[in-house]
There are 2 protein chains.
Amino acid sequence: MHYTRDNMAGLLRSHDINPTHQRIEIAHALFSRQEHLSADQVMAVVNTRHSETSKATVYNTLKLFLEKGLVREVIVDPSKVFFDPNTSPHHHLYEVDSGKLSDIDAEHVVISGLPPLPAGMVTEGIDLIVRVRRTR
Amino acid sequence: MHYTRDNMAGLLRSHDINPTHQRIEIAHALFSRQEHLSADQVMAVVNTRHSETSKATVYNTLKLFLEKGLVREVIVDPSKVFFDPNTSPHHHLYEVDSGKLSDIDAEHVVISGLPPLPAGMVTEGIDLIVRVRRTR
DNA sequence: TCCGGATATTAGACAAAGTCCAGATCGACG
DNA sequence: CGTCGATCTGGACTTTGTCTAATATCCGGA
C-alpha cells in the first residue's frame with residue numbers, strides 16, 4: 001500500500017480529521033518516508049513543494065495528529081521533539097552522536113517487575129529508549 | 001549521611017571536579033533535596049541564598065556534572081530537562097498532568113527480548129519512562 | 001449563484017530554554 | 001604582592017514552540 005496524497009485523505013478522515021491541503025501534505029511528509037521527523041524537518045519537507053505552509057499550521061497540525069492518535073511523540077533529545085508515524089507498540093533506539101532514531105518492535109520485548117502504580121493513576125504509555133553510541 | 005556543603009566539596013573532588021563556591025551550592029541544591037530539578041529550578045534555589053550565581057554558570061556546571069557522571073539527565077518533558085542526583089540504576093514515573101517525576105528502583109525490573117544492537121554500537125543507557133495520568 | 005458561519009491558515013510578535021563570548025574575578029603559588 | 005590559568009559573569013543571541021488577530025477557505029441553504 002502506497003502513501004499517496006489521495007490515500008492520505010482517507011487516512012485523515014478515518015481519524016476524524018478534516019483533510020485539508022496542508023494536512024495532506026504534512027501527513028504525506030511523515031508517512032511516505034516512514035521516519036521520525038521533527039517539526040522543522042516537516043516544515044522543510046512540506047515547503048520544498050510549491051505551496052508554502054506556515055510554521056503555525058505545521059505546529060497546529062502536528063498537535064492535532066497527536067490528539068487524534070495519528071502519530072506519536074518521541075522525546076529523546078532535549079532540543080526537539082520527534083513525530084513518529086508508527087503508532088503500533090514499539091520502542092526506540094537512539095544513536096546519541098548522530099541523532100538517528102529507529103524503531104524496536106515491541107513484540108518480543110517484555111518489561112516485568114514494575115511496581116504497582118500509585119492509587120488513582122492509569123498508565124498512559126511506557127517509553128523505552130535504548131541510547132547507543134558508536135565504539136571508538 | 002547528610003549533604004552538608006562541606007561534604008559536597010569531597011563529593012566533587014571524588015568526581016574530579018574542582019570544588020568552587022558556585023559548584024558547591026549547585027551540588028548542594030541537587031543533593032540535599034533528593035529531587036529532580038530543572039536548570040531554572042536549580043538557579044532559583046541557588047539564588048535564594050546570598051551570593052548570586054549566573055545563568056551561564058548554572059548551565060555550565062550542570063553540563064560539567066553530567067560529563068563527570070555526578071548527575072543524570074532525564075528527558076521527559078519537551079520543554080525542559082531535569083537533572084537527577086540519583087545515578088544508581090533506576091527508571092522514572094512521570095505524572096503527565098502535574099509534571100511530577102519520581103524514581104522507580106531498577107532492582108526488580110527486568111527488560112528482556114531486546115534485539116541485538118547494530119554492529120559497532122554499545123549501549124550508553126536504557127531509559128524507561130512510565131507515563132501516568134490521574135483517572136477522572 | 002450568493003451569503004453566512006464555521007473551520008482553517010497565516011504572518012509576525014512573543015516566550016522560554018539554552019548557548020556563546022569577551023571581559024572581569026578568583027585563588028593558588030612563587 | 002603579582003602572575004596566570006581557571007572560573008564566573010552579564011548580556012546578546014539562537015532555537016523551538018506558542019499566541020493572536022486578521023484573512024482565507026469551505027460548505028450548506030435560499
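Lettering of chains follows the sequences in order, A, B, ..., and the numbering in each one begins at 1.
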Mind calculating the distance between OH (B:Y59) and P (D:dA12) to the nearest angstrom? 18 Å
Over how many whole Å does the gap from A:Q22 atom CD to D:dC26 atom C1' extend? 12 Å
Quick one: on DNA chain D, does B:N60 or A:A56 contact a more 5' nucleotide (nearest heavy atom)? B:N60
Determine: side-chain N/O of A:S54 to OP1/OP2 of C:dT10, distance under 4.0 Å, yes or no. yes
Rounded off to whole Å, could you give me the CD-to-P distance for the A:E73 and D:dT16 pair? 15 Å
How many Å lie between CZ on A:F82 and C1' on D:dG17, as a whole number? 15 Å
Using a cut-off of 4.0 Å on non-hydrogen atoms, how would the nucleic acid contact of B:T53 be classed: base, sugar-phosphate, or nothing? sugar-phosphate
Atom pair distance, as rounded to whole Å: CG in A:L62 and P in C:dA8: 15 Å
Using only modelled atom types and a 3.5 angstrom limit, is any donor from either the side chain of B:K55 or the base of D:dG11 paired with an acceptor on the other? no
Judged by each residue's nearest nucleotide on DNA chain D, which is more toward the 5′ side, A:N18 or A:F83? A:F83
Proximal nucleotide (of C:dT9, D:dT18, C:dT19) relative to the A:K63 side chain: D:dT18
Are more than 12 heavy atoms, taken from residues, nucleotides or ligands other than A:R134, located less than 6.0 Å from that residue's CZ atom? no
B:H92 vs B:H36 aromatic rings, parallel, tilted or perpendicular, using cut-offs 30° and 60°? perpendicular
Can you check whether A:N18's main-chain N or O pairs, donor with acceptor, with A:R23's side chain at less than 3.5 Å? yes
Nearest to the A:V81 side chain among D:dG17, C:dT9, D:dC8, which nucleotide is it? D:dG17
Using a cut-off of 4.0 Å on non-hydrogen atoms, how would the nucleic acid contact of B:T20 be classed: base, sugar-phosphate, or nothing? sugar-phosphate
Indicate, with a heavy-atom threshold strictly under 4.0 Å, whether A:S79 touches base, sugar-phosphate, or nothing. sugar-phosphate
With A:E95, the salt bridge (charged side-chain N to carboxylate O under 4.0 Å, His left out) member among A:R131, A:R133, A:K100: A:K100
From the candidates D:dT18, D:dT7, C:dA17, the one with an atom nearest any side-chain atom of B:K80 is C:dA17
For side chain to side chain contact (heavy atoms under 4.5 Å, CB included), just list the numbers for A:L62 and A:L30, CA-CA rounded to whole Å, side-chain angles, deciding distance to a tenth of an Å, and then say yes or no. CA-CA 10 Å; A:L62 288 172; A:L30 279 165; 3.9 Å; yes
Nearest-angstrom distance from the residue atom NE2 of A:H21 to C1' of C:dT10: 15 Å
B:L12 CG to D:dA6 P: how many Å, rounded? 18 Å
Write down the distance between CG (A:L66) and C1' (D:dT18), rounded to a whole number of angstrom. 15 Å
